[in-house]
Amino acid sequence: MDIHARNKAALTPFRQALYDFDKSRARDVAAELFAPAAPVYLSHPFNSLTGQSALLEAAILPLAQCFPDLERRDQIIVAGESQPGQNWVGCAGHYLGTFRKPWMKIPATGHIASIRFHELYRFGDDGRVAEVQALWDIPDLMMQVGVWPMVKSLGREWTVPSPANGEGLNVSGDGGAALGIVTDMLNHLGNHAKGGVAAMRLEAFWHSRFNWYGPAGIGTGRGIEGFRRWHQIPFLNAMPDREGDPAKGHLFSEGNFVGFTAWPGMRMTLSGDGWLGLPAA
């Protein structure tokens with residue numbers, strides 16, 4: 001078993017305990033899985049968490065108190081090395097259940113609700129999780145409940161489906177080709193400031209019927225026209241100086257899938273009006 005298969009296997013009992021939602025089992029597994037000092041970086045309002053099994057204790061278990069039939073459903077599991085000694089397992093899916101009690105002042109509805117997640121786990125040489133970087137789409141839950149305080153998304157808000165080829169939970173193989181395509185695409189996206197839309201060469205990297213699954217507030221767009229109309233143009237108009245920080249980024253691949261995480265992932269100045277209804281600051 002190679003190191004990436006080993007790391008996936010190490011994460012499986014934790015994922016399974018959250019699918020069945022066995023609180024006691026999840027705690028036992030987490031105590032073995034996570035290194036004692038492993039930092040957790042989770043989207044606002046959690047931000048930086050510390051302590052043994054911080055993701056479980058500070059975020060997941062409080063969520064389960066409000067969703068008593070909580071269940072974790074993974075849609076994509078991908079593993080790879082971003083740079084020497086930096087081995088990651090990336091997971092994408094949803095937490096779902098019946099929203100019975102208010103959570104972080106978001107009112108309960110008594111109906112089924114879901115929270116989309118991207119959770120990325122960095123494994124150390126000892127086979128334990130040494131770091132977590134994660135995004136939970138909490139604004140989407142607010143939209144489901146009807147308490148989103150900002151403007152309506154430009155794109156389509158819906159429950160994001162699994163990958164069309166059905167491979168999300170059975171990813172394997174050398175990801176070198178996929179990584180090359182994505183790296184080339186990202187490099188061309190960076191050409192916008194000096195060459196405009198043509199310099200990004202979107203048509204060279206994106207399928208004609210691709211879907212852009214943006215987070216809540218942005219939503220999904222279909223094809224290059226949908227991506228540009230509902231996300232890219234408003235985003236660049238509002239923050240034309242956006243740039244990534246390569247030193248903080250982790251790009252890894254397996255089979256036809258590529259994962260990325262960074263904390264933070266990009267820096268930019270909100271200098272144009274209107275993005276998500278926010279004024280230029």
Residue pair D69, T98: steps toward the side chain to side chain donor-acceptor pair (under 3.5 Å) verdict: CA-CA 6 Å; D69 56 352; T98 308; 2.8 Å; yes

Student check: side-chain heavy atoms of F227 and L202 closer than 4.5 Å: yes

4.5 Å side-chain heavy-atom contact, M142 and P149: yes

Enclosure of R267 CZ (heavy-atom neighbours >12, cutoff 6.0 Å): no

Side chains of L154 and H231 in contact at under 4.5 Å (non-hydrogen atoms): no

In one Ile/Leu/Val/Met/Phe/Trp/Tyr side-chain cluster, 4.5 Å: L63, V132: yes

Non-hydrogen side-chain atoms of K152 and M143 separated by less than 4.5 Å: no

W263-V129 co-clustered via ILVMFWY side chain contacts under 4.5 Å: no

Closest heavy-atom pair and its distance - A113, L141: CB-CD1, 3.7 Å

Mutual orientation of the aromatic rings belonging to W158 and Y213 [parallel < 30°, tilted 30-60°, perpendicular > 60°]: tilted

Inter-residue atom distance Q133.CD - Y41.OH, 0.5 Å rounding: 7.5 Å

Rounded distance [0.5 Å steps], CZ in F235 versus CZ in R242: 6.5 Å

Plane angle bin for F67 and F99 - parallel if under 30°, tilted between 30 and 60°, otherwise perpendicular: parallel

Spacing of W212 atom CH2 and W206 atom CH2 [to the nearest 0.5 Å]: 5.5 Å

For R229, salt bridge (charged side-chain N to carboxylate O under 4.0 Å, His left out) partners two or more places apart: E225

R15 and D74 ion-paired at < 4.0 Å: yes

Side chain proximity check, R27 to L61, heavy atoms < 4.5 angstrom: yes

Verdict with reasoning, R72 to Y19, per side chain to side chain donor-acceptor pair (under 3.5 Å): CA-CA 4 Å; R72 175 191 175 111; Y19 171 73; over 6 Å; no

ILVMFWY cluster, W88 and L135 together (side-chain gap under 4.5 Å): no

Interatomic spacing from CZ in R222 to CG in N211 - rounded to 0.5 Å: 5.0 Å

Geometric class of the F46/W103 ring pair [parallel <30°, tilted 30-60°, perpendicular >60°]: tilted

Polar side-chain atom of W275 near backbone of L278 as donor-acceptor pair, under 3.5 Å: no

Heavy-atom neighbours of E32 CD exceed 12 at 6.0 Å: no

Any side-chain heavy-atom pair of T261 and R122 under 4.5 Å: no

Common cluster, L11/L169, ILVMFWY with side-chain heavy-atom separation under 4.5 Å: yes

Over 12 foreign heavy atoms within 6.0 Å of CG, N47: yes

Y95 side, atom OH; F21 side, atom CZ - distance, nearest 0.5 Å: 8.5 Å

Minimum side-chain heavy-atom gap I77-V89 below 4.5 Å: yes

ILVMFWY network linking F117 to L120, side-chain heavy atoms under 4.5 angstrom: no

Validation row: E57, V40 side chains within 4.5 angstrom (heavy atoms): no

